[in-house]
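Since the model is a prediction, treat every value here as computed from it, not as a measurement. The figures that follow rest on heavy atoms only: side chains count, while hydrogens, waters and symmetry mates do not.
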Amino acid sequence: RRSPTARTQAAKVLKALVDADGQWLSGQYFLRELYLSQYHARIWDLERLGWNIEHSTEKDMHGFVSYRLV
């Protein structure tokens with residue numbers, strides 16, 4: 001697996017997932033704390049680079065899915 005270019009949105013998403021240490025992060029976090037409205041695309045980019053990211057099957061009360069590194 002490859003790492004995204006530093007200082008990109010994908011790098012911010014990856015850092016958040018790594019820092020979560022296997023815990024779930026809600027899409028709300030990426031949107032409201034990191035101000036990334038296109039976080040879905042960045043997660044997809046990371047998966048294409050070889051990162052194994054699990055998507056929750058359930059949504060929160062606002063319709064957000066959660067993610068974590070496997």
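The list of salt bridge (charged side-chain N to carboxylate O under 4.0 Å, His left out) pairs with a residue in residues 61-70, not counting sequence neighbours, reads E54-R68. For the side chain to side chain donor-acceptor pair (under 3.5 Å) condition, the pairs that include at least one residue of residues 8-17, sequence neighbours left out, are K15-D19. For residues 33-49, the side chain to side chain donor-acceptor pair (under 3.5 Å) pairs, not counting sequence neighbours, are R42-D45, E47-H55.
Within the 4.5 Å cutoff, the side chain of S26 has no heavy atoms near those of the Y67 side chain. At a threshold of 4.5 Å between non-hydrogen side-chain atoms, the residues L25 and S66 do not count as touching. Side-chain contact between N52 and L69 is absent, with no heavy-atom pair separated by less than 4.5 Å.
Note that CD1 of I53 and CG of L17 are 5.5 Å apart. Values are rounded to the nearest 0.5 Å.
Residues satisfying the salt bridge (charged side-chain N to carboxylate O under 4.0 Å, His left out) test with R32, not counting sequence neighbours, are none.
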Enumerate, atom names and distances included, each donor-acceptor pair closer than 3.5 Å involving a side-chain atom of residues 57-65, sequence neighbours excluded.
unit_1 : atom_1 : unit_2 : atom_2 : d
D60    : OD1    : H62    : N      : 2.8
D60    : OD1    : G63    : N      : 3.0
D60    : OD1    : F64    : N      : 2.9
D60    : OD2    : Q28    : NE2    : 2.6

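Here the closest non-hydrogen pair linking L14 and L46 is N-CD1, 3.8 Å. Residue F30 comes nearest to A16 through the heavy atom pair CE2-CB, 4.0 Å, listed as atom of the first residue, atom of the second, then distance.
Judged by distance alone, with hydrogens and angles left aside, the side-chain atoms of W51 form no donor-acceptor pair with the main-chain N or O of V70 at under 3.5 Å.
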